[in-house]
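These notes are about the structure you will find just below.
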Amino acid sequence: MNELQKKSNLLYITERPSVTMQKGKGMYIWDTNDKRYLDFSGGWAVNSLGHSPDAVSHALISQADMLIHASPAFYTEPLLSYAAALTKASGMDKVFFASSGAEANESAIKLARKHGAVHLNGASDIITLTNSFHGRTLATMSATGKAHWQQLFAPKVDGFKHVEANNLDACFAAVNNETCAIMVELVQGEGGVHVLSEAFVYGLRKICDAYGILLIFDEIQTGMGRTGKLFAHKHYEIKPDIITLGKGIGAGFPLSAMLTMSKYDLFEAGEQGGTYCGSPLACAVGEAVLNELLENNWAHNAAVQGQYLQQALGELATRYPISSVRGKGLLLAFDVPHGDAGKLVSSCMENGLIINSPNPATIRLSPPLIVNREHIDEMLLVLELAFGKLYTMAAQQG
Ligand code: PLP
């Protein structure tokens, strides 16, 4: 625990570097010593339009002047307008808005169980994948496929079965008349950026159709252009029954969504909701972000820049002990020798570059979708400096 944490009034929840961030613009963020960092983590895949984008500030200011909060018991103009825009863009019929990814997933879990109660004789089990991540509420931690989370904060929420990713036989074997849904991330982000195979995803759709169970795509990390298409499921050309969105959907403003089709509009009054669900401010921002994404085709930029970045990382892999360069669009990762990921993150941070390590052997990159070639070249120089320092030293010591 660092000195800043010890002195602060913050409950300890994670290790943070001993700097205080102050302002951001575009691809850069500055600390209180005016040190500038190039951000290739994008606030954990959140700052889709970069730091403090004009579209978001303008939407916030004009909506704040008009109406900040009514109550979830009222319709507001931004709520109706954004619901129409997001359902049109996603090809779904209905949406429920919330503030965090975990809440959107809780909502999906509740809707799947409601479907089980109404249509499947009370079936309530949900199949999820090992190595998955669905959030930090009690139900979404139980849904998450991290082995060491299963006993944390026991007793866990019942009704989740974990099967191996890309193992259709295991998934098929796990389905029975207690099952109401299958929930997956198409690219397992927190799990280290692992893309599900097409055959597996098609197979999941077939299983769900055969048993009348719901297919839920958790697109909280992969949605809103991140993987090079507006939604990751567009790579598979498969339509889910429920999609959850978060992170980039608000470009930094707390917003999330659960989308579904009219036939699953099943909640009774009061069964789902929340004080800030669909707040005018959040919806005004959400619509501004969606418009920016569509008008500038940032998803296409994610595809183009992601390909350039992957190629460059592949080239670095011929000279340094890095391997398995992988991912889609601007959700990328590579592996390093076990224990090196944290050292690389710190070394890059010292030299003004933010990257992320989801585990001790993996580096994940999720820069804002507005990134360009110059930013990538600037990032590669710092990354190579960090590789050089770590691996030349290691070679000398070895
Ligand atoms: N689902 C996925 C796939 C995620 O990557 C995350 C966050 O990393 C979540 C759910 C949880 O979102 P939040 O932290 O906004 O609750």
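Just so you know, these numbers come straight off a predicted model, no measurement behind them. For this chain, numbers begin at 1 and follow the sequence in order. Just so you know, ligand 1 is whichever comes first in the structure, and atom 1 is the first atom listed for that ligand.
In terms of protein heavy-atom proximity, atom 5 (O) of ligand 1 is closest to Gln221 NE2, 2.8 Å.
Residue-level proximity to ligand 1 for Phe133 is carried by backbone and side chain together, each with a heavy atom below 4.0 angstrom. Only the side chain of Glu190 comes within 4.0 Å of ligand 1, counting heavy atoms alone; its backbone N, CA, C and O stay farther away.
Between Asp31 and Thr20, every side-chain heavy-atom pair lies at or beyond the 4.5 Å cut-off.
Near Asp218, the atoms of ligand 1 lying under 4.0 angstrom from a non-hydrogen atom of the residue are 1 (N), 2 (C), 3 (C), 10 (C). Every atom of ligand 1 is numbered from 1 in the order shown, and the set under 4.0 Å from a heavy atom of Asn105 is 1 (N), 10 (C). Distances below 4.0 Å separate heavy atoms of Glu185 from the following atoms of ligand 1: 3 (C). Every atom of ligand 1 with a heavy atom of Ala102 under 4.0 Å away is listed here by number and element: 11 (C), 12 (O), 13 (P), 16 (O). Those atoms of ligand 1 that come under 4.0 Å of a heavy atom in Ser100, given as number and element, are 15 (O), 16 (O). Ligand 1 places these atoms under 4.0 Å from at least one heavy atom of Gly101: 12 (O), 13 (P), 15 (O), 16 (O).
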Report, one line per pair, each donor and acceptor closer than 3.5 Å where one atom sits in a side chain of residues 62-74; sequence neighbours left out.
residue : atom : partner : partner atom : Å
Ser62   : OG   : His58   : O            : 3.0
Gln63   : NE2  : Leu67   : O            : 2.9
Ser71   : OG   : Ala73   : N            : 2.8

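At least one heavy atom of Lys247 sits less than 4.0 Å from an atom of ligand 1.
By the definition of a contact as any protein heavy atom under 4.0 Å away, atom 8 (O) of ligand 1 is in contact.
For the pair Arg113 and Phe160, the distance from NZ or CZ to the six-membered ring centre is under 6.0 Å and the angle to the ring normal is within 45 degrees.
No donor-acceptor contact under 3.5 angstrom links the side chains of Asp54 and Ser57, judged on distance only. Between the side chains of Gln221 and Glu190, at least one donor N or O lies within less than 3.5 Å of an accepting N or O.
The ring-ring contact (aromatic ring centres under 6.0 Å, His included) pairs that include a residue from residues 293-318 number zero, where partners must be two or more places apart or lie in different chains.
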*Where do Lys114 and Asp265 land on the salt bridge (charged side-chain N to carboxylate O under 4.0 Å, His left out) test, with the steps shown first?*
CA-CA 10 Å; Lys114 184 78 196 205; Asp265 193 351; over 6 Å; no

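Under a 3.5 Å cut-off, the side chain of Gln310 and the backbone N or O of Gly327 do form a donor-acceptor pair.
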